[in-house]
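Lettering follows sequence order; numbering is per chain, from 1. Since this is a predicted model, take the numbers as computed values, not measurements.
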Amino acid sequence: MAQKPSIPKGTRDFGPSEMVKRNFIFDTVKSVFKLYGYQPIETPAMENLSTLMGKYGEEGDKLLFKILNSGDFLKGADESQLQQKNSQKITSYISEKGLRYDLTVPFARFVVQHREEVQFPFKRYQVQPVWRADNPQKGRYREFYQCDVDVIGSDSLLNEVELIQIVDEVYRRLNIRVAVKMNNRKILSGIAEVIGQPDKIVDITVAIDKLDKNGIEKVNLELEEKGLPKSAINQLQPILHLSGTNFEKLQQIKSVLATSEIGLKGVSEMETVFNWLAPLQLQTPVELDLTLARGLNYYTGAIFEVKALDMQIGSITGGGRYDDLTGIFGLPGVSGVGISFGADRIYDVMEHLDLFPKNAATTTQLLFINFGEKEQSWCLPVIQQLRRTGISTEMYPEPAKMKKQMSYANDRKIPYVALVGEEEMSSGLITLKNMELGTQEKVGVAELMELISNAIIRK
RNA sequence: GUGGAUGUAGCUCAGUAGGUUAGAGUAGCGGAUUGUGGUUCCGUUGGUCGUGGGUUCGAGCCCCAUCUUCCACCCCA
């Protein structure tokens, strides 16, 4: 090997044992999505840059992977821009496609493009990779999978409640302890309005989002740097110090937002959601957190974030309501709400807490030891029969030494091994070894099938 | 995009002030045991020390560049 091959920064290969675990996560979320009546779709890895740009904020545009045009991509480029090395301007000439940054924007594009085919409310799920040109760290990759569930074409807050139920059910099945944090963009808008800084909404939300991490003083400092007057910052203080139950917090914020129509709307939305949530007895705590902002531009109502309680890692699920994402693509008045499960971070959490089922690594149930040509021919029809009854079976492909074949079974964690040599062929009874216990017995084919089927069911 | 740390066998890591042929554990392979794995014992393969330059009589170690991973900022799943 002259030079070791490698893969791009922030991307990963997944070996068999990792894939078994990853599939466990994918299968779990998908089965919950289906349980709630969501339908699958897929969209291309790349989208036109025009559908991607401007949807994720300034930062998001920078993190988009852009694809160089095919052929002579410099042909259309402006000569003077090239001379000036104006990368930003040149980009629009040499790249018209990009890798998707999330699944929500492509979904909105999908809905607009297929508006005649989809029936509203449209409930869909989508499990696909997304790409971000971010600097990688632990729990942060440049290619990662999102598992999105969205319902579009319905204003009902029932959808918000349903998404929280889904979160509860998914993490109950995955056995991860989590907490849901909720807020509402309308409340945040109301706050900006009340303190007389409606145009500073983005700066305000970005700053107070860091309250948890940086503390009140740094937040205030950042607000000041962004040009907020002292009076406005002072007005903000009581909001940052809310305490009590969700309803108590809402009660307090209501009086602060008394003059803001949009703010009060947000409060009443949250009240409705919490009221409907109350009798459902979810095991996941749902907490109103006014410092939760979320950077994505398109959210307009409820916003969610899910944090793992037993491991420090960024949020493992996030989402919210977007009232007019489809409007950008020419279909106004269609509101949607959705959340996204971050499969890779969920994986990291489960790995760290050792939560994967331990038999998940097993695929083959039964290995036939290969003794030679005669024995192979004898075993082949038996193996076919076993596979037809659903038992995952394989035969070692060559008559290697016993030790090697047994080691193979052991390393692959195959629970049963069948030995068929001279003796077994003449008696018709197969020697079946239980690899875990080290015991073995002679059984007929029918008995063999029953034994293993039962063993699988017991697991 | 900015700043900091890291990189030695497949994996986990030693490597003394720059000085012969770079070590260990583990995994792999072979044997003890040719119809019995996981335990034990013996033997053995494997490294252009991330990559490319430079300083030096001499570089795993010093300098520069570059890449990876990790950490912080930013932002996020």
Side-chain angles (χ1 to χ4, degrees), chain A residues 1-12 15 25 29 56-64 87-88 101-104 127-148 178 202 205-207 209-210 213-214 218 222 292-297 303-308 312-320 338-349 367 369-372 375 396 399-425 431-440:
Chain A
M1 226 186 325
Q3 189 130 25
K4 272 186 189 166
S6 63
I7 54 176
K9 183 202 285 214
T11 64
R12 296 148 302 155
I25 295 173
V29 296
Y56 308 106
E58 223 176 293
E59 197 65 25
D61 283 355
K62 275 190 231 159
L63 299 180
L64 278 172
S87 312
Q88 271 203 321
Y101 180 91
D102 72 355
L103 300 178
T104 309
V127 176
Q128 288 191 274
V130 302
W131 295 268
R132 294 181 190 178
D134 207 350
N135 242 335
Q137 278 180 34
K138 200 180 218 78
R140 172 178 300 196
Y141 309 99
R142 289 187 146 184
E143 178 184 63
F144 60 96
Y145 272 72
Q146 290 195 327
C147 314
D148 272 39
V178 297
V202 174
T205 52
V206 166
D209 192 39
K210 293 171 199 154
K213 198 172 172 183
N214 296 341
K218 283 196 177 173
E222 185 172 338
L292 172 64
R294 297 190 63 79
L296 292 176
N297 270 356
I303 43 186
F304 316 91
E305 196 158 285
V306 179
K307 292 225 160 197
Q312 193 146 19
I313 190 165
S315 69
I316 54 178
T317 293
I339 47 167
S340 178
F341 291 80
D344 303 82
R345 285 190 178 171
I346 292 172
Y347 181 100
D348 289 345
V349 170
L367 175 79
I369 299 291
N370 189 324
F371 281 100
E375 291 86 349
Y396 200 85
K401 285 182 181 156
M402 264 295 266
K403 185 187 166 84
K404 190 167 173 59
Q405 300 193 46
M406 293 299 287
S407 302
Y408 175 81
N410 196 59
D411 294 346
R412 291 273 316 273
K413 298 189 171 66
I414 297 171
Y416 292 95
V417 167
L419 298 98
V420 179
E422 294 274 347
E423 197 189 318
E424 286 84 356
M425 286 195 292
T431 299
L432 179 69
K433 173 157 182 163
N434 179 323
M435 292 297 280
E436 200 186 330
L437 304 174
T439 56
Q440 59 188 56

*Before accepting this row, confirm whether a basic side-chain N of the pair R140(A)/D134(A) lies closer than 4.0 Å to the acidic partner's carboxylate O.*
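Counted as a salt bridge, because a side-chain N and a carboxylate O are separated by less than 4.0 Å.
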[X] side chain: which of [options] is closest?
{"X": "K401(A)", "options": "rG30(B), rC75(B), rA72(B)", "result": "rG30(B)"}
{"X": "P136(A)", "options": "rG1(B), rU69(B), rA77(B)", "result": "rU69(B)"}
{"X": "Y141(A)", "options": "rG1(B), rU36(B), rA77(B)", "result": "rA77(B)"}
{"X": "R132(A)", "options": "rG1(B), rC76(B), rU36(B)", "result": "rC76(B)"}
{"X": "E423(A)", "options": "rC76(B), rG35(B), rC70(B)", "result": "rG35(B)"}
{"X": "E59(A)", "options": "rC76(B), rC74(B), rU36(B)", "result": "rC74(B)"}

*Please answer whether rA77(B) and F144(A) are stacked, defined here as ring centres separated by less than 5.5 Å and planes angled under 30°.*
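Whether judged by distance or by angle, F144(A) passes, so it stacks on the base of rA77(B).
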When the [atom1] atoms of [M] and [N] are compared, how many Å lie between them, rounded to an integer?
{"N": "rG7(B)", "M": "rU26(B)", "atom1": "P", "answer": "24 Å"}
{"N": "rU21(B)", "M": "rU39(B)", "atom1": "C1'", "answer": "36 Å"}
{"N": "rC67(B)", "M": "rA27(B)", "atom1": "C1'", "answer": "28 Å"}
{"N": "rA32(B)", "M": "rU48(B)", "atom1": "P", "answer": "33 Å"}
{"N": "rU44(B)", "M": "rC71(B)", "atom1": "P", "answer": "42 Å"}
{"N": "rG50(B)", "M": "rA14(B)", "atom1": "P", "answer": "14 Å"}
{"N": "rA5(B)", "M": "rA9(B)", "atom1": "P", "answer": "22 Å"}
{"N": "rG25(B)", "M": "rC41(B)", "atom1": "P", "answer": "12 Å"}

Can you check the [X] [atom1] to [N] [atom2] distance for me, whole Å?
{"X": "M425(A)", "N": "rG35(B)", "atom1": "CE", "atom2": "P", "answer": "14 Å"}
{"X": "I316(A)", "N": "rA77(B)", "atom1": "CD1", "atom2": "P", "answer": "12 Å"}
{"X": "D61(A)", "N": "rC75(B)", "atom1": "CG", "atom2": "P", "answer": "15 Å"}
{"X": "R142(A)", "N": "rC70(B)", "atom1": "CZ", "atom2": "P", "answer": "12 Å"}
{"X": "N135(A)", "N": "rC67(B)", "atom1": "CG", "atom2": "P", "answer": "11 Å"}
{"X": "M402(A)", "N": "rU36(B)", "atom1": "CE", "atom2": "P", "answer": "6 Å"}
{"X": "L63(A)", "N": "rC74(B)", "atom1": "CG", "atom2": "P", "answer": "14 Å"}
{"X": "K138(A)", "N": "rC75(B)", "atom1": "NZ", "atom2": "P", "answer": "23 Å"}

Base [N] to side chain [X], donor-acceptor N/O within 3.5 Å cut-off:
{"X": "E436(A)", "N": "rG37(B)", "value": "no"}
{"X": "R140(A)", "N": "rC71(B)", "value": "no"}
{"X": "N410(A)", "N": "rG37(B)", "value": "yes"}

Have a look at [X] and say if it touches a base, only the backbone sugar-phosphate, or nothing, with a 4.0 Å heavy-atom cut-off.
{"X": "L419(A)", "value": "base"}
{"X": "D344(A)", "value": "nothing"}
{"X": "K210(A)", "value": "sugar-phosphate"}
{"X": "Q137(A)", "value": "base"}
{"X": "E424(A)", "value": "base"}
{"X": "T317(A)", "value": "sugar-phosphate"}
{"X": "Q405(A)", "value": "nothing"}
{"X": "G438(A)", "value": "base"}
{"X": "G319(A)", "value": "nothing"}
{"X": "G314(A)", "value": "nothing"}
{"X": "F341(A)", "value": "nothing"}

*Quick one: is the NZ or CZ of R12(A) closer than 6.0 Å to the six-membered ring centre of Y141(A), and within 45° of its axis?*
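Yes, a cation-pi geometry holds between R12(A) and Y141(A).
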I'd like to check [X] versus [Y] (side-chain heavy atoms, cut-off strictly below 4.5 Å). Are they in contact?
{"X": "V127(A)", "Y": "Q146(A)", "value": "no"}
{"X": "I313(A)", "Y": "D348(A)", "value": "yes"}
{"X": "V417(A)", "Y": "L419(A)", "value": "yes"}
{"X": "K404(A)", "Y": "Y408(A)", "value": "no"}

*asked:* Once you measure the plane-to-plane angle for Y101(A) and Y56(A), does it fall in the parallel (<30°), tilted (30-60°) or perpendicular (>60°) bin?
replied: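 Ring orientation, 0 to 90° scale: tilted.
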*Going by atom types only, do T439(A) and N434(A) share a side-chain donor-acceptor pair under 3.5 Å?*
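There is no such pair between these side chains.
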*asked:* Please compare S315(A) and K433(A) by the position of their nearest nucleotide in RNA chain B and report the one closer to 5'.
replied: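 First, find each residue's nearest nucleotide; the 5'-ward one identifies K433(A).
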*Closest nucleotide of RNA chain B for G10(A) versus for D134(A): which of these residues is on the 5' side?*
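Looking at the nearest nucleotide for each, G10(A) comes out on the 5' side.
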*Examine rU36(B): is either OP1 or OP2 under 4.0 Å from a nitrogen or oxygen in the side chain of K404(A)? Give yes or no.*
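Checking rU36(B) against K404(A), no side-chain N or O comes under 4.0 Å of OP1 or OP2.
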*Inspect the surroundings of NZ in K210(A) and state if more than 12 heavy atoms from other residues, nucleotides or ligands are less than 6.0 Å away.*
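Buried by this count: over 12 neighbours within 6.0 Å.
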*Give, for atom NZ of K307(A) and atom CG of L292(A), the distance between the pair rounded to the nearest 0.5 Å.*
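Going from the NZ atom of K307(A) to the CG atom of L292(A) covers 9.0 Å.
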_Checking the side chain of E143(A) only, and the main-chain atoms of G10(A) only, is there a donor and an acceptor separated by less than 3.5 Å?_
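Here the side-chain-to-backbone pair does not exist.
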_Closer than 3.5 angstrom, by distance alone: can the side chain of S407(A) be matched with the main-chain N or O of K403(A) as a donor-acceptor pair?_
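Here the side-chain-to-backbone pair exists.
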_Assess the residue pair T431(A) and E424(A) against the criterion (side-chain hydrogen bond (donor to acceptor under 3.5 Å, both in side chains)); give the C-alpha distance rounded to whole Å, side-chain angles, the decisive distance to 0.1 Å, and a yes or no._
CA-CA 7 Å; T431(A) 299; E424(A) 286 84 356; 2.6 Å; yes
*Starting at the 5' end of nucleotides 39-44 of chain B, put B wherever the base has a protein heavy atom under 4.0 Å, S where only the sugar-phosphate does, and a dash everywhere else.*
------
*Intra- and interstrand pairs of RNA chain B - dot-bracket, Watson-Crick/G-U under 3.5 Å, | marks other strand*: (((((.(..((((.....[...)))).(((((.......))))).....(((((..]....)))))).)))))....
